[in-house]
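In what follows, a single structure is set out as structure tokens and then discussed.
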Amino acid sequence: MYVVCNDHLEIALEEFVETYEQSPDIYELDKVSFTDWTSPHTCEFCDKHPKYLVV
């Protein structure tokens, strides 16, 4: 699972496919919510605000 900004979406996709050998689902964080999970405040690869959840 990756929580990333727009700039790092491609890197997250590549790493996910390399690790799991299948394509991920991509969600825009402002359009989904989970009861038991809170999105991190920064991208996994930089300090920008995250926009996507890659799972």
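Heads up: numbering here begins at 1 and tracks the sequence.
In this structure, M1 and V55 approach most closely via the heavy-atom pair CG-CG1, 3.4 Å. Annotation for S23 and F16: closest pair C-CE2, 4.1 Å, computed over non-hydrogen atoms. Across every non-hydrogen atom of C43 and P50, the tightest pair is N-CD, 4.0 Å.
Taking the side chain as every heavy atom from C-beta outward, D7 and C46 never approach each other to under 4.5 Å. At least one side-chain heavy atom of P40 sits under 4.5 Å from a side-chain heavy atom of W37. Residues L53 and F34 meet the side-chain proximity criterion, which asks for heavy atoms closer than 4.5 Å.
Atom-to-atom distance recorded for T42:OG1 and H49:NE2 is 10.0 Å, nearest 0.5 angstrom. How far OH of Y2 is from CG of L9: 12.0 Å, rounded to the nearest 0.5 Å. Within the model, atoms CZ of F45 and CD of E15 stand 4.0 Å from one another, a figure rounded to the nearest 0.5 Å.
For Y52, the ring-ring contact (aromatic ring centres under 6.0 Å, His included) criterion is met by no residue, not counting sequence neighbours. In this view, E28 and K31 satisfy the salt bridge (charged side-chain N to carboxylate O under 4.0 Å, His left out) rule, not counting sequence neighbours.
No more than 12 heavy atoms of other residues, nucleotides or ligands shown are found within 6.0 angstrom of CG on D47. Crowding of Y20 atom OH: a count of heavy atoms from other residues, nucleotides or ligands under 6.0 Å not exceeding 12.
Placement of L13 and I11 within a single hydrophobic cluster is found when ILVMFWY residues are connected by side-chain heavy-atom separations under 4.5 Å, directly or transitively. The hydrophobic cluster containing V54 does not contain L29, counting ILVMFWY residues as joined when their side-chain heavy atoms lie under 4.5 angstrom apart, directly or transitively.
Remark: the backbone N or O of V3 is paired with a side-chain donor or acceptor of E44 at under 3.5 angstrom.
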